2 protein chains.
Amino acid sequence: MPQPASPPGDFGSLVTLLQTRGPTLPKRLRQVAEHMLAHPDDMAFQTTAQIAVSAGVQPSTLVRFAQALDYAGFSDLQQVFRARLRQQNSDHRARLAALRSGRPAEDGMARSLLEGFVRASQASLEALQGRIQPAEIEAATNLLARAETIFLVGSRRMFPVVSYLAYAFGKLGIRSILVDNIGGLGGEQAAIATTSDAMIAVSCAPYTPQTIEIAAQAHRNGVPVIALTDGPLSPLAMHCRRWLEVSEADFGEFRSMAATFALAMTLAVATAEKIRADA
Amino acid sequence: MPQPASPPGDFGSLVTLLQTRGPTLPKRLRQVAEHMLAHPDDMAFQTTAQIAVSAGVQPSTLVRFAQALDYAGFSDLQQVFRARLRQQNSDHRARLAALRSGRPAEDGMARSLLEGFVRASQASLEALQGRIQPAEIEAATNLLARAETIFLVGSRRMFPVVSYLAYAFGKLGIRSILVDNIGGLGGEQAAIATTSDAMIAVSCAPYTPQTIEIAAQAHRNGVPVIALTDGPLSPLAMHCRRWLEVSEADFGEFRSMAATFALAMTLAVATAEKIRADA
DNA sequence: TCAATTATGGAATGTTTGTTCCATCAGTCA
DNA sequence: TGACTGATGGAACAAACATTCCATAATTGA
């Protein structure tokens, strides 16, 4: 025996070890490493024979793999995955208990922040599903499907939404222009829109004046403007062809974006489907 | 053999069964039942011999117990406990997978699309909450809180995330630079980062080569790089100081962004809180 | 291109594991 | 109290298991 050696005892260090040693490993062992990381649950319960089949290797390879990592054998390696599952289970249970008792989880700011944002997102998604009428989406989609080019307008916190829309439309093969206001040229970028185009404008309170202005200008010029905004009294809702309501839940001073993104993606894909159906 | 019999397949029904039949059971079998309910995790992993010792009975008693409950043997009973452990885990995984295969129906397209995106988002959020360890977030936050300037790197579908982070950091009074690759100058924008700065890099498969390259370069230069990516074998996870896992559900050809946004917002606010606490 | 080294597949092996069997024990009804 | 029914402990068993071994294939270095 050359060394007592110190194989990782917890899942985290095992992952780290695999990251560093992975690339240097022989083909089959690398295959095992990838399977392990992709299906950590199976590693905890299944036998060498079962895992070997789903990883596409021989059982003996699993043992060799464990030994290459300085474990005595496969069983020792498996303990790491079992420990991980145990811990996750107790974490999960503790979180549920904390939720049930109403108090916002003692351990650490990170946990309660994450919980807050997750809950805000979930609340927003539920509200969206309950509030939006599919017919409204269909109507907006009709306008978009007819457009030669779709202009995307949104600033500040809403810029991510329109930049994602630009990505999605691009991938769907729909011509779009992201009005990113670079060099302060937002107005000029949008001014080339005509009545045979369309515009998606996104803004919620506190409204960005320039977004409102660009949308209103396009609307006056007869461009079909679809607004994603937070209520009928929004200045954006007043200067557009059609508007869709997204009400996001706040957490702290930040607003969830989940519902707006879900709606935006729906619009994009629905438009693509409609164009395909019309053709 | 009197009956084919139907032993409980899930943990819940097993508990119910034990509650009703428990009092009528012989002494040793009752002893087993109590031990089982008190140490369900052990039941999933340990062998008959080990469990027998800690329950103070013979291994054969465990088999008898299982058979008294209409299981074929101890192994069948053990499956129930194993299923319980992997459930809250693969629960999420299964839901993510189920969504992946679901093609939007033709009729009422808008509704089913919206529903699909909403469900993908919700599944992603749940998976995030179940998987992420708050300690990992804290560790990442520590690096960020120390930074003079935080560089934000992400392209294509991930650009919305970093652009939102730029907005959030700005609002929180934390100095950040959005590496937007304008004019193809991404590398130069990021090259000015030093060891007293930090970087957040976001990329999931299919990875954007430039994002990987920028993050790896910064990492080589000693800049603390926090990666938001989709697995330990991601090229981004291999070239960073710390990485956080976000697994988003797909719907159609588009991926939810909900979990990534929730995590990004958590990072931003947690960093701000930490900075405020240190001051 | 050839030898040396390492990796791999598959059968053989020794151990561990769940299970069964049977003698003994405790409790129950006459 | 004494036969009977069911429960219990512990050893014996057979199946499943991780592991090892060896012949063969692939890879590496000269």
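The basis for the numbers below is simple: all heavy atoms, side chains too, and nothing from hydrogens, waters or symmetry mates. Source: prediction; values computed, not measured. Order of the sequence lines fixes the chain letters, A, B, ..., with proteins taken first and strands second; residue numbering starts at 1 for each chain.
Contact annotation: B:Q58 side-chain N/O to D:dG10 OP1/OP2 distance is under 4.0 Å.
Shown here are the side chain to side chain contact (heavy atoms under 4.5 Å, CB included) partners of B:Q46, two or more places apart in sequence or in another chain: B:D42, B:Q50, B:I51, B:S54. For A:R82, the salt bridge (Lys or Arg N to Asp or Glu O under 4.0 Å) criterion is met by no residue, not counting sequence neighbours. Residues forming a salt bridge (Lys or Arg N to Asp or Glu O under 4.0 Å) with B:D41 (at least two apart in sequence, or on another chain): B:R84. B:H239 is linked by a ring pair (Phe, Tyr, Trp, His ring centres under 6.0 Å) to nothing, counting only residues two or more places apart in sequence or in another chain.
One can place CG of A:L25 at 9 Å from P of C:dT8, the figure rounded to the nearest angstrom. A:F65 places its CZ atom 12 Å from the P atom of C:dT8, with the value rounded to the nearest Å. As rounded to whole Å, 15 Å separates atom P of D:dA7 from atom CD of B:Q31.
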Checklist outcome for this item: With B for base contact, S for sugar-phosphate-only contact and - for none (protein heavy atoms under 4.0 Å), nucleotides 17-22 of chain C reads SBBBB-
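The environment of B:R241 atom CZ is dense: over 12 non-hydrogen atoms of other residues, nucleotides or ligands sit within 6.0 angstrom.
Annotation: salt bridge (charged side-chain N to carboxylate O under 4.0 Å, His left out) contacts involving residues 218-239 of chain B, sequence neighbours excluded, comprise B:E213-B:R220.
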